[in-house]
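Right, one structure below, let's go through it.
Along the sequence shown, the residues carry numbers beginning at 1.
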Amino acid sequence: MSAADARTAAADPFDVAIKRENDYLRRLDITVAPPQVAAARRREAAKIRKTTRIKGFRKGKVPIRIVEERYGPLIDERTVDALVNGAFRDAVRRHDLSTIGEPVVSEVDYRPGERLSFRIDVEVMPKVDLARTGGFRVKRRDVDVPDTAIDEVVENFRKEHAVLQPADRQPRSGDVVSVTIREHEGDDDAPAKPYRFELGAGYAIPDVEEAILTLAPGEEGRFTVSYPEDFGSEELAGTTRSLRIHLDDVRTSQLPELTDEFASEVGNFSTLVEFREAIEEELRLRGEREADEEVGEKLVDAVIEANGFEVPPSLLSHYLDRVIDAPEGTDPEQVEEARRSVTPVVERQVKRDLVLERLIEDQDLDLSSEEFDERLSKLAEARGKSVVEIRRQLAREKQLDPLRRRFAIDKAFKFLIDRSDVT
């Protein structure tokens, strides 16, 4: 090999030929030149020599000839592993491959002192080419905001601002009770545990709630209760227990009156009418957005059908893992059946996400900081809050990034709607 050839080999040690098998599968045929193979083998031999202990020699000072005699096959194995891993990483970097899943290595041809060749099959994120994104026909549902929907939101605000007042009577559904419960078996009583919860809200099992409803404040009773088969505690699920329940306190929710003062307390509203109008506007905007989303989803389905592409099995499997999160010990056949049953829905979700990603990227639909602030301002106005308040709330709930993403998808849907016939 000439000096020039040696310099070229040193600068580009791996010869990579990439073949497109389908939308997502790539075949990499990789060859490593003899000088690089020899250099890698010397490095692996040196690593083994550093840790080798042989009688008569100090650690790390064993002659390389003896290391070769004793560990030749191990040196070869590590050399191949190092070169395969290094070549794959180099190919991914140089050819900008967005790989998913684990690469599969095959057809390894290696002889010490000669070149190394092998094949790697790897899945990549598919390049979704959207040749057609318009010209579709879909229907959009009408949006209506009935007074009952506004009343429901107002009632929820009242419940959020309710004041709990003591009630000297037997509890009713909707009351908040304080109780002390202890398990009772024969003469042995378990430690008493205090609880506070709203009756009828599903915080306690039905038998316990029914028992509490028979008590007055200060009273105690002994009750036999049955725990459901699907109860959270395996120890209690499906069992029947004897419980002593003491009703300590009953409190009922006193709802605030619907006045202009109440409207000003829940938001920046001068009157109750203004409060209701703001709720109506937000419900209308939500309904319009949901109707647009429904149309957008129909158009995404049309785009998927018009621009067929395959989903990488590794990507589909990753989505399925997120959907089917089976607990340890679950029957594998049941898990597999569950995965099969949801595969069509999940595959559609994967394709949807890939199409929207491509649209947002191709059409530059990501929101700028100014656009995002403007959308937050409209949201804050609809809720009767300041932009600072709404931003703090969303940040506290970790919803800023998801909201920005949703706004970008809204723009993608609008792009699709503008290019199709929506009636």
Side-chain angles (χ1 to χ4, degrees), residues 146-185 189-259 261-267 269 272 275-276 278-280 282-283 286 383-385 389-390 392-394 396-399:
D147 286 341
T148 53
I150 301 173
D151 293 340
E152 183 179 348
V153 175
V154 171
E155 195 64 17
N156 288 336
F157 271 98
R158 291 183 73 197
K159 289 178 180 178
E160 289 177 4
H161 291 77
V163 177
L164 291 177
Q165 297 287 355
D168 189 17
R169 56 167 172 75
Q170 283 186 289
R172 303 167 186 163
S173 181
D175 288 342
V176 175
V177 295
S178 297
V179 296
T180 303
I181 301 177
R182 59 184 174 182
E183 188 172 335
H184 177 78
E185 293 294 342
D189 286 332
K193 295 182 180 179
Y195 299 93
R196 180 181 173 88
F197 54 86
E198 178 185 344
L199 292 175
Y203 293 108
I205 62 174
D207 282 4
V208 168
E209 290 210 354
E210 290 177 12
I212 293 172
L213 290 171
T214 66
L215 299 173
E219 287 186 346
E220 179 177 287
R222 178 179 171 181
F223 305 91
T224 300
V225 303
S226 297
Y227 289 88
E229 294 289 345
D230 59 351
F231 191 69
S233 169
E234 292 185 6
E235 180 184 355
L236 296 175
T239 65
T240 298
R241 301 294 175 102
S242 176
L243 302 180
R244 284 194 177 277
I245 302 176
H246 185 275
L247 179 58
D248 302 316
D249 181 60
V250 178
R251 291 182 179 266
T252 186
S253 294
Q254 182 176 332
L255 301 178
E257 294 185 13
L258 291 177
T259 62
E261 183 180 356
F262 170 72
S264 67
E265 288 177 357
V266 298
F269 306 108
L272 187 61
F275 176 44
R276 290 182 63 88
I279 293 173
E280 181 180 11
E282 182 170 0
L283 291 177
R286 184 187 304 170
R383 296 186 181 181
K385 296 183 178 182
E389 287 175 320
I390 205 74
R392 283 177 179 170
Q393 177 184 343
L394 291 169
R396 188 167 55 249
E397 297 170 354
K398 294 182 171 43
Q399 289 300 309

Applying side chain to side chain contact (heavy atoms under 4.5 Å, CB included), name anything that partners [X], two or more places apart in sequence or on another chain.
X      : result
Arg286 : Glu282, Leu283, Arg289, Glu290
Pro228 : Ile205, Asp230, Phe231
Glu152 : Asn156

Please report the interatomic distance [atom1]([X]) to [atom2]([Y]), rounded to the nearest 0.5 Å.
X      : Y      : atom1 : atom2 : value
Thr239 : Glu234 : OG1   : CD    : 12.0 Å
Glu257 : Leu255 : CD    : CG    : 10.5 Å
Gln254 : His161 : CD    : NE2   : 14.5 Å
Leu236 : Ser226 : CG    : OG    : 11.5 Å

- Phe275 vs Phe269 aromatic rings, parallel, tilted or perpendicular, using cut-offs 30° and 60°? tilted
Nearest atoms (heavy-atom pairs only) where [X] meets [Y]:
X      : Y      : value
Ile245 : Ala211 : CD1-CB, 3.9 Å
Pro171 : Val177 : CB-CG1, 3.8 Å
Glu235 : Arg241 : O-NH2, 3.5 Å
Ser173 : Gly200 : OG-CA, 3.8 Å

- Query: What pairs with Asp151 under side-chain hydrogen bond (donor to acceptor under 3.5 Å, both in side chains), at least two apart in sequence or on another chain?
  - Reply: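 Testing Asp151 for side-chain hydrogen bond (donor to acceptor under 3.5 Å, both in side chains), a comparison that skips the adjacent residues, returns Arg276.
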- Message: List the residues meeting side-chain hydrogen bond (donor to acceptor under 3.5 Å, both in side chains) with Glu261, not counting sequence neighbours, and say none if there are none.
- Response: none
Side chains of [X] and [Y]: does their closest heavy-atom pair fall under 4.5 Å?
X      : Y      : answer
Thr180 : Arg182 : no
Pro166 : Val250 : no
Phe197 : Val179 : yes
Glu160 : Val266 : no

- Message: Using modelled atom types and a 3.5 Å cut-off, is there a donor and acceptor pairing between side-chain atoms of His246 and backbone atoms of Gly218?
- Response: yes
- Query: Would you find a donor on one side and an acceptor on the other, under 3.5 Å apart, between the side chain of Gln170 and the backbone of Thr214?
  - Reply: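 Judged by distance alone, yes, a pair lies under 3.5 Å.
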- Query: Considering residues, nucleotides and ligands other than Arg392, do more than 12 of their heavy atoms fall under 6.0 Å from its CZ?
  - Reply: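 No, the 6.0 Å shell around CZ holds no more than 12 heavy atoms from other groups.
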- Checking side chain to side chain contact (heavy atoms under 4.5 Å, CB included) for the pair Ser253/Leu164: CA distance, chi angles, key distance, verdict? CA-CA 5 Å; Ser253 294; Leu164 291 177; 3.5 Å; yes
- Under the side chain to side chain donor-acceptor pair (under 3.5 Å) rule, what pairs show up with a residue in residues 192-211, not counting sequence neighbours? Ser178-Arg196
